[in-house]
Protein chains: 2
Amino acid sequence: MAADHTVRDADIAPVAALIADPTRAAILTALLGGRALAAGELARLAGVSAATASAHLARLLDGGFVTVLRQGRHRYYRLSGPEAAEVLEVLARVGARPPVRSLRQSRQARMLEEARTCYDHLAGKAGVALFEALRESGCLAGEEVTAVGERLLAGIGVHVAGARGTRRRFAPECLDWTERRPHLGGALGAAVTAVLLERGWFRPGAGPRALTLTDEGRRELAALFPGQVTAPWSKELTWHSPVT
Amino acid sequence: MAADHTVRDADIAPVAALIADPTRAAILTALLGGRALAAGELARLAGVSAATASAHLARLLDGGFVTVLRQGRHRYYRLSGPEAAEVLEVLARVGARPPVRSLRQSRQARMLEEARTCYDHLAGKAGVALFEALRESGCLAGEEVTAVGERLLAGIGVHVAGARGTRRRFAPECLDWTERRPHLGGALGAAVTAVLLERGWFRPGAGPRALTLTDEGRRELAALFPGQVTAPWSKELTWHSPVT
DNA sequence: CTATTGCTTCGTCCGGGAACGAAGGATGAG
DNA sequence: CTCATCCTTCGTTCCCGGACGAAGCAATAG
């Protein structure tokens, strides 16, 4: 939700380590059914001795992943709550390799990732790259446009003053859901995007919100923001996808 | 979403193992910012030698967590996509210990977990326990009520035939979002819940959908379903919360 | 009471993997 | 061409932690 909840503060390694062991993972997935299971039963399911299972359960308990309830000489373990289950499910989702989407689907998804509109402003890789380019070239400072920025934007035909006059927020960051980085929103974002379309640097693509970067746009943007290496308009680079 | 997406098939341990190492976790959190970073930079940030970082990056690449783009003699690494970022954030959320909710809040949440309504039928721990009790005592078979069940339900005043007559689905499972296990929904679920309230075994609690199990309800339900150990109406048990 | 069962604790062994330095491509600068 | 930089691969060391059996505690049965 909020973009300012950085993860930096929390130690994720210890949490992951709890799940990283195959035996503990087996125990946790067994518990994912929701029922409380006895320690012995879990040992059997995971295929280890009672002593080993006990040690693992102690660690899971300490880590807050499970709770235990004693009933006579049995000890029933269960997942501590929805959060624990959620972690396991997310991990499983990543672990399960994407089941080869259809070419059409993947092509469309791919294009939406590249560039699309978010309401009326540019989003996707292109939107994020544009925002970062503006930041790094000193055009934007906080939620304001610098003198440098004003010149640059005026140069391509953006009426900065006009955008500032509206009741709408001027240049807020808008978090991009695919990139997890901000792009330019608000009145200024809309004004810039309008220009990009007018000049034919982007044009509507296949599908509702898709946009395509044109060759002209690629050329012009690369000239406008030299030194960007990861932007869609940079010269083609060698991409190494993970081995599957 | 769907309850039938079991996690059993996917191996979560290898995925978790990738994040479980402190150095790799440092690398991943550094990349969580979204920017692509050079291998050397990541080594510096993680506080390890270039050789070590390279090995880690190779594993992350193989696991599909990052992608690499070669630019001259540099190699820029970045998170492979939104899924990778999501895993890290969920882990971080769990890793960060719950920031001591106010007593009032936690009490309310606690009560909603215990028993609440889901539309017009019983949910929460009590709802799940009731459903399992009906299952295990042979009252329900699939989406039907057995002869045993019909007698038991008639005994407490539930008009099973009446519930069957409606257009509504008769006795579907309804997945409980806090318990991640099904409770009884549909026409039968509503009929049973109505009886539970009429007889005063539950009564509306504090807050919109909260229900409270009364002493009478506890007594009667324990008598109705002997042998249940984890139900809210079972005799008090020793709970061991995880050490904090 | 003693016997049995269920689980934990203790002591021990052993393998996987994380770390580093040195050497080996690859790329760009002069 | 030659050197410097950036990164990877190789070879080595070393330590963490997961496995088991045996013994130690609870709790129920008879």
Side-chain angles (χ1 to χ4, degrees), chain A residues 11 13-28 30-31 36-63 65-78 227 229 235 237-240 242-243, chain B residues 11 13-28 30-31 36-63 66-78 227 229 235-240 242-243:
Chain A
D11 258 343
V15 187
L18 278 179
I19 317 176
D21 178 74
T23 301
R24 281 196 294 271
I27 290 176
L28 289 171
L31 290 174
L37 297 175
E41 178 83 355
L42 288 168
R44 198 183 57 74
L45 287 171
V48 293
S49 73
T52 303
S54 179
H56 285 304
L57 288 168
R59 292 193 58 180
L60 290 173
L61 188 64
D62 184 60
F65 265 91
V66 302
T67 52
V68 64
L69 81 83
R70 320 179 43 154
Q71 166 75 351
R73 47 186 170 185
H74 299 271
R75 301 201 184 177
Y76 290 97
Y77 286 88
R78 70 185 328 176
V229 295
K235 65 171 191 284
L237 298 162
T238 316
W239 279 83
H240 247 298
V243 186
Chain B
D11 255 345
V15 187
L18 278 178
I19 318 177
D21 178 76
T23 301
R24 281 195 294 271
I27 289 176
L28 289 171
L31 290 175
L37 297 174
E41 178 82 354
L42 288 168
R44 198 184 57 75
L45 287 171
V48 293
S49 75
T52 303
S54 179
H56 285 303
L57 287 168
R59 293 193 58 181
L60 291 174
L61 188 64
D62 182 63
V66 301
T67 51
V68 64
L69 81 83
R70 318 179 45 154
Q71 166 77 348
R73 47 187 171 186
H74 299 270
R75 301 203 185 176
Y76 290 96
Y77 286 89
R78 69 186 328 176
V229 296
K235 67 173 191 282
E236 252 345 297
L237 298 163
T238 316
W239 279 83
H240 248 298
V243 186

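Within every chain, numbering begins at 1; the chains are lettered A, B, ... in the order of the sequence lines, protein sequences first and strands thereafter.
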Under the salt bridge (Lys or Arg N to Asp or Glu O under 4.0 Å) definition, can you give me all pairs with a residue in residues 51-61 of chain B, not counting sequence neighbours?
none

Looking at side-chain heavy atoms only, is the closest gap between B:T67 and B:R78 below 4.5 Å?
yes

Among residues at least two apart in sequence or on other chains, which ones pass side-chain contact (heavy atoms from CB on, under 4.5 Å) with A:A55?
none

In residues 44-51 of chain A, what donor-acceptor pairs under 3.5 Å come from side-chain atoms, sequence neighbours left out?
residue : atom : partner : partner atom : Å
A:R44   : NH2  : A:E41   : OE2          : 3.3
A:S49   : OG   : A:A51   : N            : 3.4
A:S49   : OG   : A:T52   : N            : 3.2
A:S49   : OG   : A:T52   : OG1          : 3.0

Pairs involving residues 18-28 of chain A, ordered by first then second residue, that meet side-chain hydrogen bond (donor to acceptor under 3.5 Å, both in side chains) (sequence neighbours left out):
A:R24-A:H56

Under 3.5 Å between N/O atoms: give me all the protein pairs with nucleotides 6-9 of chain D, atom names plus distance.
residue : atom : partner : partner atom : Å
D:dC7   : OP1  : B:A39   : N            : 3.3
D:dC7   : OP2  : B:G40   : N            : 3.0
D:dT8   : OP1  : B:Y77   : OH           : 2.6
D:dT8   : OP2  : B:S54   : OG           : 2.8
D:dT8   : O5'  : B:S54   : OG           : 2.9

Expressed in angstrom and rounded to an integer, what is the separation of A:L60 atom CG from D:dG18 atom P?
10 Å

Tell me: CD of B:Q71 to C1' of C:dG28, nearest whole Å?
12 Å

Are B:L18 and B:L28 packed together at the side-chain level, in the sense that at least one heavy-atom pair is separated by less than 4.5 angstrom?
no

Return the value, rounded to whole Å, for the distance between atom NE2 of A:H56 and atom C1' of D:dG17.
9 Å

Side-chain heavy-atom pair A:L42, A:Y77 within 4.5 angstrom cut-off
yes

Quick one, which residues of residues 17-25 of chain B touch DNA chain D with a heavy atom under 4.0 Å?
none

Going by the rule side-chain contact (heavy atoms from CB on, under 4.5 Å), which residues pair with A:A17 if we only count those two or more places apart in sequence or in a different chain?
B:A20

